[in-house]
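Naming: A, B, ... by sequence-line order, numbering from 1 per chain. Owing to the predicted nature of the structure, the values given are computational and were not obtained by experimental measurement.
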Number of protein chains: 2
Amino acid sequence: MVKYSRQREGILRNLQSRRDHPTADMIYDSVRKEYPNISLGTVYRNLTFLTETGQILRISTQMGADRYDGFVKPHNHFICKECGMVEDMEYISCDDLISEASGLYPGLIENCELQFFGKCKNCLSGQ
Amino acid sequence: MVKYSRQREGILRNLQSRRDHPTADMIYDSVRKEYPNISLGTVYRNLTFLTETGQILRISTQMGADRYDGFVKPHNHFICKECGMVEDMEYISCDDLISEASGLYPGLIENCELQFFGKCKNCLSGQ
DNA sequence: TATAATAATAGTAATGATTACTATTATTGA
DNA sequence: TCAATAATAGTAATCATTACTATTATTATA
């Protein structure tokens, strides 16, 4: 039985109010302004809960800590190899990719994650 | 200046001889049969080197340690949420996805990684 | 072939991200 | 209001990965 918690609500709202794909630690720093003695463990526990219940997305980028995304409508991500920035992309439909692959794969495909890597506009011009 | 090392060669060949996307630790266990006192640090250092020189691929799966792939021809991956297995998929061309996205994105897209998640055939039937 | 320069290694310590543990606090159904 | 228990704060532990350093292996050149 799941019980309400202010901390969980605070974490979810924090994540829904931003589009910068923060790490657990960045969320911790930010939520601490509202709940000064929230613990990092609480942040991690709730991020896992919110991910498992489909309220947020977890993104592994192979550069440092996992990122979290409060925007759950299916979309793709661009990750800058230079500055590590994670940016939303809405160019390619994962639903289409899933139906295409499902017809060929013997298992059950439930979701997909499409990541592009390269250099963002800022890093290109600042070079 | 890069110098040859038997250990690096052993790691590369080990990875090229299998299709199970092992973790650094699994590669360490396996390569240790040939080089009994290779160190885990050497395995990690060379996996990073081989990844950066494009000789192997690194895959982050958001379930445990990173996986490595000696098969570098572009392809997609299916990851079973139940048993963690990573399987190759050659259904969708990343090159096509990159050209599609490149026309729309202001930065420079260099490569892409497409992962599907769900339940593999084994886990479906064993349930 | 011997040698000097230095890249790579083994072994170990350190770091960073995440999870586990436990006594206390908050939520909620009766 | 109260009892049951989910969730928390704070801390310790774990897991994956990187850093450090003295020693060894590779390689270009004499």
**Request:** Return the residues of residues 41-50 of chain B meeting this criterion: a heavy atom under 4.0 Å from some atom of DNA chain C. Order them by number, or give none.
**Result:** B/Thr42, B/Arg45, B/Asn46
**Pair A/Lys33, A/Asn14: side-chain N/O donor-acceptor within cut-off below 3.5 Å** = no
**Residue pairs involving residues 1-23 of chain A (criterion ring-ring contact (aromatic ring centres under 6.0 Å, His included); sequence neighbours excluded)** = A/His21-A/His77
**Message:** Check whether A/Tyr91 reaches the backbone of B/Leu104 with its side chain - one donor and one acceptor, N or O, closer than 3.5 Å.
**Reply:** yes
**Request:** Identify the 5'-most and 3'-most nucleotides of DNA chain D with at least one atom closer than 4.0 Å to a non-hydrogen atom of chain B.
**Result:** D/dA16 to D/dA28
**Request:** Would you check if the side chain of B/Thr51 reaches a backbone N or O of B/Leu47 as a donor-acceptor pair within less than 3.5 Å?
**Result:** yes
**Item:** Interatomic distance where CD belongs to B/Gln62 and C1' belongs to C/dA17 [whole Å]
**Value:** 14 Å
**Message:** Expressed as a whole number of angstroms, how long is the span from B/Leu40:CG to C/dA14:C1'?
**Reply:** 14 Å
**Asked** Rounded to the nearest 0.5 Å, what separation is found between the SG atom of B/Cys112 and the CD atom of B/Glu100?
**Response** 11.0 Å
**Asked** Less than 4.0 Å between a side-chain N and a carboxylate O, is that true for A/Glu90 and A/Lys73?
**Response** yes
**Message:** Between B/Arg8 and B/Lys3 (side chain of the first, backbone of the second, donor and acceptor by atom type, cut-off under 3.5 Å), is there such a pair?
**Reply:** yes
**Request:** Under 4.0 Å from any atom of DNA chain C, heavy atoms only: list the residues of residues 2-13 of chain B that qualify, in numerical order.
**Result:** B/Val2, B/Lys3, B/Ser5, B/Gln7, B/Arg8
**Request:** Please step through side chain to side chain contact (heavy atoms under 4.5 Å, CB included) for the pair A/Cys94 and A/Asn76, ending with a clear verdict.
**Result:** CA-CA 8 Å; A/Cys94 268; A/Asn76 324 129; 4.0 Å; yes
**Request:** Please confirm whether the backbone N or O of B/Ser39 pairs with a side-chain atom of B/Gln7, one donor and one acceptor, at under 3.5 Å?
**Result:** no
**Message:** Please report the distance, rounded to the nearest Å, between CE in A/Met26 and P in C/dA17.
**Reply:** 12 Å
**Divergence of helical axes at both termini of the helix from C/dT1-D/dA30 to C/dA30-D/dT1 - five pairs an end, 10° steps** = 40°
**Asked** If you group Ile, Leu, Val, Met, Phe, Trp and Tyr by side-chain heavy-atom gaps below 4.5 Å, do A/Ile59 and A/Tyr68 land in one group?
**Response** no
**Item:** Qualifying residues under ring pair (Phe, Tyr, Trp, His ring centres under 6.0 Å), relative to A/Phe78, sequence neighbours excluded
**Value:** B/Tyr105
**Message:** With no hydrogens and no angle check, just 3.5 Å: does a side-chain donor-acceptor pair link B/Arg45 and B/Thr48?
**Reply:** no
**Complete:** Per nearest nucleotide of DNA chain C, the residue lying toward the 5' end, B/Asn37 or A/Met1, is B/Asn37
**Message:** Quick one, B/Val86 with B/Asp69, criterion side chain to side chain contact (heavy atoms under 4.5 Å, CB included). Give me CA distance, side-chain angles, the key distance, then yes/no.
**Reply:** CA-CA 10 Å; B/Val86 180; B/Asp69 193 340; over 6 Å; no
